Amino acid sequence: MRYRHLVCFIGLVLGLGLAMPTSAQQARIKIDPDRVIDKVDPLIYGSFVEHLGRCVYGGIYEPGSPLADEDGLRRDVLQAVRELGVTILRYPGGNFVSNYHWLDGVGPERKPRLDLAWHVLEPNTFGTNEFMKFIRKVGAEPYFTVNMGTGTIEEAQWWVEYTNVKEGPYYAELRKQHGFPEPYGIKFWSLGNEMDGFWQLGHLSAEDYAKKAREAAKLMKATDPSIRLIAAGSSDFRPGADPQHWNRVVLEELKDHIDYIALHIYVGNPDNNYYNFVATPLEMERRTAIVKGLIQQVLWGSRRERPIYIAWDEYNVWYRARTGEALRGRRALEERYNLEDALVIAGFLNGFIRQADIVKMANLAQLVNVIAPIFTNEQGLFKQTIYYPFQLFARNAHGTALDVFVDSPTYDTEEFFLGLGERTTKLENVPYLDVSAVYNEENGRLVINVVNRHKDQPITTELIAQEGRFRGPFEVYEVNGPDIKAENDFGIERVKTVRKPDVSANGTRFTYTFPPHSFTQLIGRLER
Ligand code: AHR
């Protein structure tokens, strides 16, 4: 080999080596059922329905369609949502809610309004009672957001009265007149949406928001003391924004009234850098740790009995449908997902489990058509790639989160933009294997969730029980596809869950090889 070629070759090998180790990859995962983080709250498997694009109209609700039931709800969508295993659904927005007046969407006379957030005419034919029919049919918990933008604190209180008070006051009686004699008892209410964002209709400073939200909280809780309140935390991480100032002010002012602080994160891959992208959920974990510290600081010395938790009540991959016509109107935010996006969603869910002591709710934004796992047309639907990891977690990963020891090869990301317009970030020592484990002490059921972030190498891993013994067989479910850009479409499923042969595991160790760019869920038993 001539000298110049040799130099190029060595350079290439060293260059690639930064992101792609050269030898076969190996790792160890140690499981100890005594190393408990906390119970995994089933509410981390939530999602979100906003009046946006075709999420409601043409998504979950399409009266007149041959696919619709007697309430105008799409039967195929109901079925896909049930199969997804979603536990809680946030409604009705999102940016939409900051100019939404819930009274326009109840009773016999509906008022069409301009939706100023997404630039369409909102017919208001779907509202509180239609949503409650939907939620009962899918068996999820409702979670309402009040309008803290153009709405008043009284309007927020009237909504709680309408939904939760049995009889007597005007709005409770109005619900009965509308044909719904029993109150719904909606437990979760958030005090506005992304009020820190300059894009929000009625955007406020941290101080002004905190005062308005505090007064709304007093009225709402006085109406129904059993409700749980969620404050709008930071969503704006662009240069110039001060997200932790916002969170600190909100926590200080609202600490005696709220049960959760809501955070939002959207990640993307605009530079088409796979390794940067699949590491993005770690930034969510970093932000969680910061806000956990703020909560501890604010509650230090307080007599409050219940803790304040974090609700990641919007998270997802969103960077394609972010400009021009993709951002407005009836076909807004129709993002199509691929395999690498599915791995990112598995990474988020692993992160929520690893931080199960503080993250007690999370909502994949959104449910249908709009940055969503379910995608419809007039004839039917298909399940996007992100549907499958979410489904495996939501259906199986219930119990106690364990603090797992992982010894995996790692890589560093470049400095990169996490989401559109945000500050750059750099993540170091990112393990190729991203792992969480959930244990059920009562029946010994152990669920191990593993993303192999490596693009082209399998990772042979020794799984070790540090306490107790594995009792096989372990069922194996894998989400993977022909390549990282593989997408699904109507009638085409390139990325989905495949059940692999069971693994026998009797004793304190077994070995499993995680294929490149995959998410694997192992389900078996650990006996003490
Ligand atoms: O989920 C799409 C939008 O993203 C929501 O309306 C808003 O809250 C966020 O900016």
Side-chain angles (χ1 to χ4, degrees), residues 46-57 59-60 86 88-100 115-120 122 131 143-151 189-204 209 213 230-238 241 243 246 260-268 284 287 311-337 341 344-345 348 361-375 384 386 390 418-422:
S47 185
F48 175 30
V49 170
E50 176 168 3
H51 286 243
L52 199 182
R54 296 188 303 125
C55 186
V56 171
Y57 305 105
I60 65 179
V86 144
I88 184 165
L89 284 169
R90 182 169 177 246
Y91 175 80
N95 296 341
F96 170 79
V97 83
S98 295
N99 192 35
Y100 175 62
D115 167 6
L116 301 175
W118 303 108
H119 313 281
V120 287
E122 168 56 53
F131 178 72
Y143 165 23
F144 277 25
T145 302
V146 301
N147 176 356
M148 286 283 104
T150 64
W189 293 83
S190 86
L191 300 162
N193 175 71
E194 293 189 352
M195 295 303 296
D196 63 327
F198 62 83
W199 57 89
Q200 206 62 213
L201 297 160
H203 160 60
L204 296 169
Y209 166 70
I230 295 101
S234 58
S235 64
D236 189 5
F237 280 76
R238 291 159 210 243
W246 177 277
Y260 303 78
I261 180 164
L263 304 175
H264 290 180
I265 187 168
Y266 290 100
V267 298
M284 179 279 295
R287 294 182 190 179
W312 278 102
D313 71 7
E314 286 186 33
Y315 74 94
N316 205 345
V317 173
W318 175 24
Y319 66 103
R320 302 173 180 96
R322 269 262 191 199
T323 49
E325 283 311 297
L327 204 53
R328 350 166 20 106
R330 279 280 162 244
R331 304 292 306 222
L333 277 61
E334 298 205 354
E335 192 107 346
R336 290 293 189 103
Y337 290 110
D341 302 324
V344 169
I345 295 309
F348 273 119
M361 190 198 297
N363 303 73
L364 178 71
Q366 302 190 1
L367 186 65
V368 185
N369 292 329
V370 171
I371 43 173
I374 298 166
F375 200 92
Q384 297 234 51
I386 61 172
F390 186 98
L418 183 84
L420 231 70
E422 289 202 7

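This chain uses plain numbering: 1 for the first residue, then up along the sequence. Note that ligands are numbered from 1 as they come in the structure, with each ligand's atoms numbered from 1 the same way. What you see is a predicted model, and the numbers here were worked out from it, not measured in a lab.
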Participant: Suppose we measure from atom 8 (O) of ligand 1 to each protein heavy atom; which comes out shortest, and what is that distance?
Facilitator: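 Looking only at protein heavy atoms, the one closest to atom 8 (O) of ligand 1 is E314 OE2, 2.7 Å.
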Participant: Sort and list the pairs that fulfil side-chain hydrogen bond (donor to acceptor under 3.5 Å, both in side chains) and have at least one residue in residues 315-324, not counting sequence neighbours.
Facilitator: N316-Y337, R320-E335, R320-D341
Participant: Please confirm whether Y266 comes within less than 3.5 Å of ligand 1 when only nitrogen or oxygen atoms on both sides are compared.
Facilitator: yes
Participant: Using ring-ring contact (aromatic ring centres under 6.0 Å, His included) as the criterion, list what pairs up with F144, not counting sequence neighbours.
Facilitator: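 So F144 forms a ring-ring contact (aromatic ring centres under 6.0 Å, His included) with Y91, F131, W159, W189.
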Participant: Tell me whether the NZ or CZ atom of R54 lies within the 45° cone about the ring axis of F375 and under 6.0 Å from its centre.
Facilitator: yes
Participant: E194 heavy atoms, cut-off 4.0 Å: which ligand 1 atoms fall inside?
Facilitator: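 Selected atoms, number and element: 7 (C), 8 (O), 9 (C), 10 (O).
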Participant: Is the shortest N/O to N/O distance between Q366 and ligand 1 below 3.5 Å?
Facilitator: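 Yes, at least one N or O pair falls under 3.5 Å.
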Participant: Would you say E50 and ligand 1 have an N/O pair spaced under 3.5 Å apart?
Facilitator: yes
Participant: Would the H203 and F198 ring centres measure less than 6.0 Å apart?
Facilitator: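 No - the distance between ring centres of H203 and F198 does not fall below the 6.0 Å cut-off.
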Participant: Below 4.0 Å from ligand 1: does a non-hydrogen atom of W118 turn up there or not?
Facilitator: yes
Participant: Hey, is I371 one of the residues with a heavy atom under 4.0 angstrom from ligand 1?
Facilitator: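 Within the 4.0 Å threshold, so yes.
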Participant: Which of the numbered atoms in ligand 1 are under 4.0 angstrom from any heavy atom belonging to N95?
Facilitator: 5 (C), 6 (O), 7 (C), 8 (O), 10 (O)
Participant: Check this for me, if you would: do R90 and E50 make a salt bridge, where the nitrogen-to-carboxylate-oxygen distance has to be below 4.0 angstrom?
Facilitator: no
Participant: Ignoring hydrogens and angles, state whether a donor on the side chain of T150 or N99 is under 3.5 Å from an acceptor on the partner side chain.
Facilitator: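 Yes - a donor-acceptor pair under 3.5 Å links their side chains.
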